[in-house]
Amino acid sequence: MYKNILVLAICNALIMSSTSLTMTSSALVGYALATESIYSTLPLGITYMSVMAGLIPISLFMQKYGRKLGFYIGAASGLLGGSLAAMGIYTGSFFWFSLAGIFQGFSMASAQFLRFAAAEVVNDEYRSRAISWVLAGGLVAAFLGPSIARFTNQISSLPPFTVAFGSIIVMSALVFAILPFSSLPIPMKNTETEDRRPLTHVIILPGFIVAALCAMIAYGTMNLLMVSTPLAMQASELTFDQIAVVIQWHIVGMFAPSFFTGHLIHRFGVLRIMLLGIAALFISIGLGVSGDAYWHYLGGLVALGLGWNFLFVGGTTLLTEVHRPSEKGMVQGLNDFLVFSVVATTAAISGYLHFHVGWTVLNLVTVPTLIIAASAIFMLLFMRGRSSKATA
């Protein structure tokens with residue numbers, strides 16, 4: 001059991017390191033390669049579109065052929081994506097660098113299922129801990145990915161970030177090397193006999209609407225601001241080392257709270273923790289519009305990660321309360337598709353908005369969506385309160 005969890009955790013750390021490296025550097029590479037600066041975040045948008053498009057196919061593939069083969073294909077896709085990205089940077093080709101995002105995105109999509117694989121190799125009582133241990137790879141990635149980007153730029157005479165994106169080849173190869181040490185079962189077919197409700201019936205439930213809406217807004221707000229942060233910091237004449245540290249601590253803010261978010265939800269209720277996440281996102285926006293010093297970006301991005309964690313984890317928890325076991329594949333698949341549709345869109349337009357309206361306005365445009373999310377949560381709290389009084 002522990003060997004399987006360790007292998008999955010290492011795989012997650014490696015793939016997430018590739019992801020954090022891409023998050024840190026992609027907009028800067030796009031800015032250097034694109035014919036117009038407004039297209040600087042387009043490659044990252046393509047990456048997230050690929051994640052969105054790959055989630056359902058890779059899930060169905062794993063259901064039929066097993067998790068391990070799906071992870072092998074994801075690693076192969078990451079290897080190809082790293083090769084194309086490094087070649088695109090070396091040759092100065094924006095096209096090849098953008099094309100690499102398709103394969104990098106599919107690799108990231110496969111990694112979304114590492115936590116589910118962990119849950120399948122342990123007993124029920126260890127399930128939450130197994131998921132947490134695998135997700136802890138995100139903390140390793142917070143430091144490894146940006147550090148690779150920073151140090152390879154210092155030691156290489158090649159065009160900036162060539163070696164950094166080439167390192168994705170190595171990390172993908174390491175996934176290939178350690179996967180054989182795991183024993184992952186082929187997922188069993190669903191034997192539930194419970195009747196499934198029509199999807200249209202589930203998606204009009206208040207719980208689903210709030211869960212999906214808040215997950216979309218959490219990821220959309222986080223991604224819109226995070227993708228543009230390197231561009232804003234560069235415009236503020238801050239160094240790449242400072243940019244890398246800010247992204248590192250942003251990722252720490254995203255993943256470190258996961259070790260206690262579940263406990264907070266259990267103690268205070270999921271909706272209250274989601275409201276706390278919205279408050280953290282407002283703090284991030286406040287820091288973003290109040291100045292352009294290094295500490296503004298650092299504090300803002302940490303708060304952004306924390307707010308994302310509380311709102312997204314809370315939304316995911318709420319989602320599990322509204323569907324039956326026989327409906328989880330259908331409902332969760334739709335939820336993830338909606339979320340990554342927003343992720344892809346915000347990544348693609350972040351650079352455009354940054355260069356046309358500026359960093360301050362970019363922060364402020366997220367405020368209406370956060371107000372909508374808070375209003376939806378308060379409405380659900382009110383409805384649940386009335387329902388409790390009616391049954392008392």
Residues that F282 engages under ring-ring contact (aromatic ring centres under 6.0 Å, His included), provided they are two or more places apart: none

Y31/F355 aromatic ring centres below 6.0 Å: yes

Side-chain donor-acceptor pairs under 3.5 Å in residues 204-229, sequence neighbours left out?
unit_1: T221; atom_1: OG1; unit_2: I217; atom_2: O; d: 2.8
unit_1: N223; atom_1: ND2; unit_2: V343; atom_2: O; d: 3.0
unit_1: N223; atom_1: ND2; unit_2: T346; atom_2: OG1; d: 3.1
unit_1: S228; atom_1: OG; unit_2: H354; atom_2: ND1; d: 2.9
unit_1: T229; atom_1: OG1; unit_2: L225; atom_2: O; d: 2.7

side-chain hydrogen bond (donor to acceptor under 3.5 Å, both in side chains): pairs with one or both residues in residues 137-148, sequence neighbours excluded: S147-Q248

Qualifying side-chain hydrogen bond (donor to acceptor under 3.5 Å, both in side chains) pairs, either residue in residues 297-315, two or more places apart: S236-Y297, S258-N309, T261-N309

Partner set under side-chain contact (heavy atoms from CB on, under 4.5 Å) for I10, not counting sequence neighbours: L6, L14, I178

Set of residues satisfying ring-ring contact (aromatic ring centres under 6.0 Å, His included) with respect to F181, sequence neighbours excluded: none

ring-ring contact (aromatic ring centres under 6.0 Å, His included) partners of H201, counting only residues at least two apart: none

Distance-only criterion, 3.5 Å: show the donor-acceptor pairs between side-chain atoms of residues 97-109 and protein atoms not counting sequence neighbours.
unit_1: S98; atom_1: OG; unit_2: F94; atom_2: O; d: 2.8
unit_1: Q104; atom_1: NE2; unit_2: T22; atom_2: OG1; d: 3.4
unit_1: S107; atom_1: OG; unit_2: G74; atom_2: O; d: 3.1

Pairs satisfying ring pair (Phe, Tyr, Trp, His ring centres under 6.0 Å), at least one member in residues 221-252, at least two apart: F143-W249, F161-F240

Taking distance alone, no hydrogens or angles, what donor-acceptor pairs closer than 3.5 Å link side-chain atoms of residues 368-383 to residues at least two apart or in another chain?
unit_1: T369; atom_1: OG1; unit_2: T366; atom_2: O; d: 2.7
unit_1: S375; atom_1: OG; unit_2: I371; atom_2: O; d: 2.8

Partner residues of Y294 under the ring-ring contact (aromatic ring centres under 6.0 Å, His included) criterion, sequence neighbours left out: none

Residue pairs fulfilling ring pair (Phe, Tyr, Trp, His ring centres under 6.0 Å) with at least one residue in residues 33-59, sequence neighbours excluded: none

